[in-house]
Amino acid sequence: MRYGRSVGAIGISSLVGVRYNESFLPHWTEFANALQECKYMLKCLPKDAGTSFHIYDAELPHFVLDLLFNALESTPFKHFSLTKNNLGRDGIKSALNYMQNNLVLKAFCLNENSIDHNEDVSKLCDIIKGHPSVEEIQLAGCFGDDMDGHDILFSIMTAGVNKLKKIHFNSNSISTGGSTFLSDFLATNPPLDTLSVFENELDDNDAISIASALNLNTNLQFLDLDENLMTDLGRKALHKAEFDDKSLTSAADSNHTCAILNYE
């Protein structure tokens, strides 16, 4: 495991993935105790400092999570990330409670932690809707076959329509089934500047409707559609949205704001 700390940033990362072992408990206890002292450091930082907390690829059983979240209650980081931690239902609920109670939180990440209950999705959306500062959500690989990735993304986008700037929703089996909600949403030109839906099940029809929506969108700057079900037909539509070389007028009217990543 690797422990990293810079001004305003605290994190633990594993390069190979670490399963919990009872011999780790004293170290987690020491880490949680030290974490409680961070509140004094955070108070000394400039108001615009990008404080962050992350734990990557280290299993966190419920008793370790209790230690950490008790310490985090008085430590309001602006960026909070738990990735690939086998959190379980209790861990998801604790993370959502931290999100709800941390009124300075800007970015919230639970990548590769399974969310298996619709009640937790509903609570997440309620929190997003009422939160005063959150603007980035990362939920890559959180929803399995028993959860409807399409409906969940729709709910999150609707809840954060006037506030979310970045949504990362990779690897969640999104299939629109002919629905145009994604393109309709983008066509309203919301404040969203980053949308990553890498490795889902979007097809050519989705690509064509998204390309059309980009003609009406001036805020989106980054769109990742790689590893979906698009063929050359969909890719050509997206390329045309970025640069339509049919004429000088069509070239000028193309979307010059959004970079579509890796769709070829």
[atom1]-[atom2] distance between [X] and [Y], expressed to the nearest 0.5 angstrom:
{"X": "Phe31", "Y": "Phe24", "atom1": "CZ", "atom2": "CZ", "result": "14.5 Å"}
{"X": "Thr231", "Y": "Asp203", "atom1": "OG1", "atom2": "CG", "result": "9.0 Å"}
{"X": "Leu35", "Y": "Glu73", "atom1": "CG", "atom2": "CD", "result": "11.5 Å"}
{"X": "Tyr98", "Y": "Ile127", "atom1": "OH", "atom2": "CD1", "result": "13.0 Å"}
{"X": "Leu124", "Y": "Met99", "atom1": "CG", "atom2": "CE", "result": "5.5 Å"}
{"X": "Leu238", "Y": "Ser212", "atom1": "CG", "atom2": "OG", "result": "11.0 Å"}

According to a hydrophobic-cluster definition based on side-chain heavy atoms being under 4.5 Å apart (Ile, Leu, Val, Met, Phe, Trp, Tyr only), do [X] and [Y] belong together?
{"X": "Leu25", "Y": "Ile55", "answer": "yes"}
{"X": "Val104", "Y": "Phe53", "answer": "no"}
{"X": "Ile208", "Y": "Ile174", "answer": "no"}
{"X": "Phe169", "Y": "Phe198", "answer": "no"}

Answer yes or no: is there a donor N or O on one side and an acceptor on the other, between the side chain of [X] and the main chain of [Y], under 3.5 Å?
{"X": "His117", "Y": "Glu119", "value": "no"}
{"X": "Asn85", "Y": "Leu87", "value": "no"}
{"X": "Asp224", "Y": "Asp226", "value": "yes"}
{"X": "Lys240", "Y": "Ala211", "value": "no"}
{"X": "Thr51", "Y": "Lys78", "value": "yes"}
{"X": "Ser114", "Y": "Cys142", "value": "no"}

Exercise. Does Asp204 pair with Arg235 as a salt bridge, N-O distance under 4.0 Å?
Worked result: no

Any salt bridge linking Lys123 with Asp126? Criterion: basic side-chain nitrogen under 4.0 Å from a carboxylate oxygen.
no

In Asn172, Ile152, Val121, the residue satisfying side chain to side chain contact (heavy atoms under 4.5 Å, CB included) with Ile115 is Val121

Find out whether [X] and [Y] are in side-chain contact, i.e. whether some heavy atom of one side chain is under 4.5 Å from a heavy atom of the other.
{"X": "Met147", "Y": "Asn118", "answer": "yes"}
{"X": "Asp116", "Y": "Phe143", "answer": "no"}
{"X": "His54", "Y": "Ile12", "answer": "no"}
{"X": "Tyr56", "Y": "Asn111", "answer": "no"}
{"X": "Asn217", "Y": "Pro190", "answer": "yes"}
{"X": "Lys84", "Y": "Asn113", "answer": "no"}
{"X": "Leu225", "Y": "Asp206", "answer": "no"}
{"X": "Lys129", "Y": "Val134", "answer": "no"}

Heavy-atom closest contact ([X] atom, [Y] atom, distance):
{"X": "His27", "Y": "Ser23", "result": "CD2-O, 3.6 Å"}
{"X": "Asn70", "Y": "Gln36", "result": "O-NE2, 4.2 Å"}
{"X": "Ser209", "Y": "Ser183", "result": "O-CB, 3.3 Å"}
{"X": "Met230", "Y": "Ala207", "result": "SD-CB, 3.8 Å"}
{"X": "Ala107", "Y": "His79", "result": "CB-ND1, 3.3 Å"}
{"X": "Glu201", "Y": "Asn228", "result": "N-OD1, 3.2 Å"}

**Prompt:** Does the ring pair (Phe, Tyr, Trp, His ring centres under 6.0 Å) test come out yes or no for Phe63 and Tyr20, once each step is laid out?
**Reply:** CA-CA 11 Å; Phe63 44 88; Tyr20 180 76; 5.4 Å; yes

Does a sphere of radius 6.0 Å around [atom1] in [X] hold more than 12 heavy atoms from other residues, nucleotides or ligands, not counting ones at 6.0 Å or beyond?
{"X": "Asp232", "atom1": "CG", "value": "yes"}
{"X": "Glu30", "atom1": "CD", "value": "no"}
{"X": "Phe222", "atom1": "CZ", "value": "yes"}
{"X": "Asp146", "atom1": "CG", "value": "no"}

Check the side chains of [Y] and [X] for a donor-acceptor pair under 3.5 angstrom, ignoring hydrogens and angles.
{"X": "Asn219", "Y": "Asn189", "value": "yes"}
{"X": "Gln221", "Y": "Thr257", "value": "no"}
{"X": "Asn170", "Y": "Glu199", "value": "no"}

Next item on the list: Quick one: list whatever passes side chain to side chain contact (heavy atoms under 4.5 Å, CB included) with Lys165, sequence neighbours left out.
Entry: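 Per chain and number, Lys165 pairs via side chain to side chain contact (heavy atoms under 4.5 Å, CB included) with Glu135, Asp193.
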
Point to revise | is_close_aromatic(His150, Phe181), centroid dist under 6.0 Å | key: yes

Could you go through Phe185 and Leu153, starting from their C-alpha distance and side-chain angles, then the distance that decides it, and tell me whether this counts as side chain to side chain contact (heavy atoms under 4.5 Å, CB included)? CA-CA 11 Å; Phe185 179 86; Leu153 180 59; over 6 Å; no

Between Glu136 and Leu164, is a side chain to side chain contact (heavy atoms under 4.5 Å, CB included) present by the stated rule, with each step listed? CA-CA 6 Å; Glu136 178 175 353; Leu164 290 181; over 6 Å; no

Let me see the working for Phe108 and Asn102 under side chain to side chain contact (heavy atoms under 4.5 Å, CB included), right down to the final yes or no. CA-CA 11 Å; Phe108 181 75; Asn102 181 354; over 6 Å; no

Check the pair Val18, Asp57 against side chain to side chain contact (heavy atoms under 4.5 Å, CB included), reporting the backbone distance first and the verdict last.
CA-CA 7 Å; Val18 175; Asp57 208 359; over 6 Å; no

